Amino acid sequence: MTDLRVRIAPSPTGAVHLGLCRTALFNWAYAKKRGGKFILRIEDTDRTRSTEESERAIVEGLRWLGVQWDEGPDVGGPHAPYRQSERAEGHGKQAVSLLGSGHAYRCFCTPERLAEVREAQEAAKETPRYDGHCRGMDGAESQRRADAGEPFAIRFLIPEGSTTIHDLVRGEVTFDHKEIDDWIMARRDGTPTYNFVVVSDDVAMEISHVFRGEEHLVNTPKQLLLYQAMGYEPPRFAHLPLMLGKDRKKLSKRSGDTSLGDYIANGYPKAAIVNFLCLQGWALDGETEVFDVDTFVEHFDIENVQKAGAVFDIDKFRWLSADTIRRMDVAELSQEVAPFVIQAGQMTADEIADRRDWFQRLVAGEQERIDLFSEFPPRVRPFFEADDAVTFEDQAEAGARKHEGRVETLGRFADWLRGRDASESAEAMAAAVKDWVKEEGLKFPALFQPLRCALTGMAGGRDLFDCIELLGRESALARIEAGQKRLA
RNA sequence: GGCCCCAUCGUCUAGUCAGGCCUAGGACACCAGGUUUUCAUCCUGGCGACGGGGGUUCAAAUCCCCCUGGGGUCACCA
């Protein structure tokens, strides 16, 4: 049996799309489970659109996700180089040999002529396709014109017949060759095109399985024919269902954020991103929604991949994020949330380190209240405001003002608080205050709403005695005093 | 439009390949209760689907055909 080798071959032409991430995850998991190799190859055949920056983003993004490649442009490997633009030599030789064997031919048609043909076909409501103008050209003439320096592209000659794909998720799919154009393998400038290099490089890198998005299904017969022409055994193919937007069309920027970077910036935990992506087109057992990446690797099989497209459900993604956050331990969550706090200018990295316990306590109180890391800073804003300038949100202030004796109640509470042992825990205080409220003949909201407003300016949130402890008694008392004035 | 793919709750899906265990299971969302100092968490319950029509069969969500619907693709992009 030949070695199991899979690859992901992204083109570095933009942000790291979630679809790429999912395809990478599926390929990687498949290889990992079976002891195969996972290869990263940069498909930069489009020199004008490819950028180094994008390549860097892909390498960083996929690495962040946790998929590790055994061979790639950054780590090298036995089949280097792993950047297609650096493999031109092999491509050129193959094109020439295909020309010699009659599987390909020179096409001297100008882009202008091709455009005219296409326009005429469209006007006649025909399917646009190459009209085969140069297909039957005499070999000698072709050679003569080439020698004379006339520019030409190289087209692959599609023979008569049909091709059947044995797709691992879709079964057999047959294409009549009449439907396939004599496609261009090499442009007039000599550079090879995708359908050509992808086959050439997959052969060179001994790729055994090609798992990619469904949009590539119709390319597959072209590639299969090329494998045949070159005399190589093709890999096994599997076409993954597309990830769809709310509009049920291929997920694109129109329907929302599509790049990995967007979700990282929005504070989705890595585990949630991975988990969610795994659920797009695949399910563990239909019952278990939450699982880690090791479990995914353990259970993933290409045969169990869904055929129908999967609509990207942001609500479920968000829920998965929230669930992941709730299950983290506080130290870990603190670390994840710290960059967002720093970015918001609330604390510096040093301050976070110096006040580690305080910070973790701050985080612990929000663990069940945030769905995304990015939601943390706005929720703890009051803890970074001046005691006499806490931002009162409308709802909080309105709630506080409902209570007639609010100013007096706050005053009496302040007195009560001053009388408590300064080292008393928040838990003990919370218990004690209930008795006090009863003694005072108050209802809970009559104290808690004005108090919460004075302390945090918010209508809801963590336990108030937790707030007091976080603030420190002095600051808490200052806020109550300021609140008495502001709520008068 | 041609070709190709697909079709279970609004969404992600289990069940389909090996027809009966399915009066179709889980999750998100939504609704209603409960817990709670608020918010949130959490718990309980509810709503909710085999696109339609023909077959095959004792029996079909599962097999076959047609229709309908959705998607992909038709570049000297990948």
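These numbers were taken from a predicted model, which means no experiment stands behind them.
Atom pair Glu393(A):CD and C39(B):P shows a separation of 14 Å (rounding to whole Å applied). The CG-P distance, from Leu320(A) to C12(B), rounds to 15 Å in whole Å. To the nearest angstrom, C1' of G72(B) lies 13 Å from NZ of Lys222(A). One can place CD1 of Ile58(A) at 11 Å from C1' of A78(B), the figure rounded to the nearest angstrom. Atom NZ of Lys125(A) is separated from atom C1' of G2(B) by 14 Å (rounded to the nearest Å). Taking atom NZ of residue Lys249(A) and atom C1' of nucleotide G69(B), one finds them 12 Å apart after rounding to whole Å. Whole-Å rounding puts the Arg212(A) CZ to G72(B) P distance at 18 Å. Between the P atom of A75(B) and the CZ atom of Phe156(A) lies a distance of 18 Å, rounded to the nearest Å.
Between U35(B) and G45(B), the two C1' atoms lie 15 Å apart (nearest whole Å). With P as the reference atom, C5(B) and C67(B) are 15 Å apart, rounded to whole Å. Rounded to the nearest Å, the gap between the C1' atom of U56(B) and that of C65(B) is 11 Å.
Using cut-offs of 30° and 60° on the angle between ring planes, the pair Trp416(A) and Phe465(A) is perpendicular. Using bins of under 30°, 30° to 60° and over 60° for the plane-to-plane angle, the ring pair Tyr30(A)/Phe211(A) lands in the perpendicular bin. Ring pair Phe237(A)/His239(A) is parallel by interplanar angle, where below 30° counts as parallel and above 60° as perpendicular.
Across all strands, Thr13(A) comes closer than 4.0 Å to no nucleic acid atom at all (heavy-atom distances).
For Thr45(A), the listed nucleotide lying nearest its side chain is A78(B); candidates were C76(B), A78(B), C39(B).
Contact between the side-chain N/O atoms of Arg118(A) and the OP1/OP2 oxygens of C76(B) is found at a separation under 4.0 Å. Note on Arg248(A): every side-chain N or O is 4.0 Å or more away from OP1 and OP2 of G69(B). Contact annotation: Arg326(A) side-chain N/O to C42(B) OP1/OP2 distance is under 4.0 Å.
Under the Watson-Crick or G-U wobble criterion, with both distances below 3.5 Å, C3(B) is paired with G72(B). When Watson-Crick and G-U wobble pairs are counted only if both distances are under 3.5 Å, C9(B) pairs with no nucleotide at all.
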Using a 4.0 Å heavy-atom cut-off to protein, can you give one letter per nucleotide of nucleotides 13-33 of chain B, 5' to 3': B if the base is in contact, S if only the sugar-phosphate is, - if neither? SS----------BBBB-----

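Ion pairing between Arg254(A) and Asp247(A) fails under the 4.0 Å rule for side-chain N and carboxylate O. Ion pairing between Arg106(A) and Glu150(A) fails under the 4.0 Å rule for side-chain N and carboxylate O. With respect to Glu397(A) and Arg401(A), a salt bridge is recorded, a charged nitrogen being found less than 4.0 Å from a carboxylate O. With respect to the salt-bridge test (charged N to carboxylate O, under 4.0 angstrom), the residues Asp131(A) and Arg113(A) qualify.
A donor-acceptor contact under 3.5 Å links the side chain of Arg369(A) to the base of C39(B). Between the side chain of Arg452(A) and the base of U38(B) there is at least one donor-acceptor pair of N/O atoms closer than 3.5 Å.
Panel note: side chain Arg406(A), backbone His403(A); a donor-acceptor pair is recorded below 3.5 Å.
His216(A) does not qualify as a stacking partner of the G72(B) base, lacking a centre-to-centre distance under 5.5 Å together with planes within 30°.
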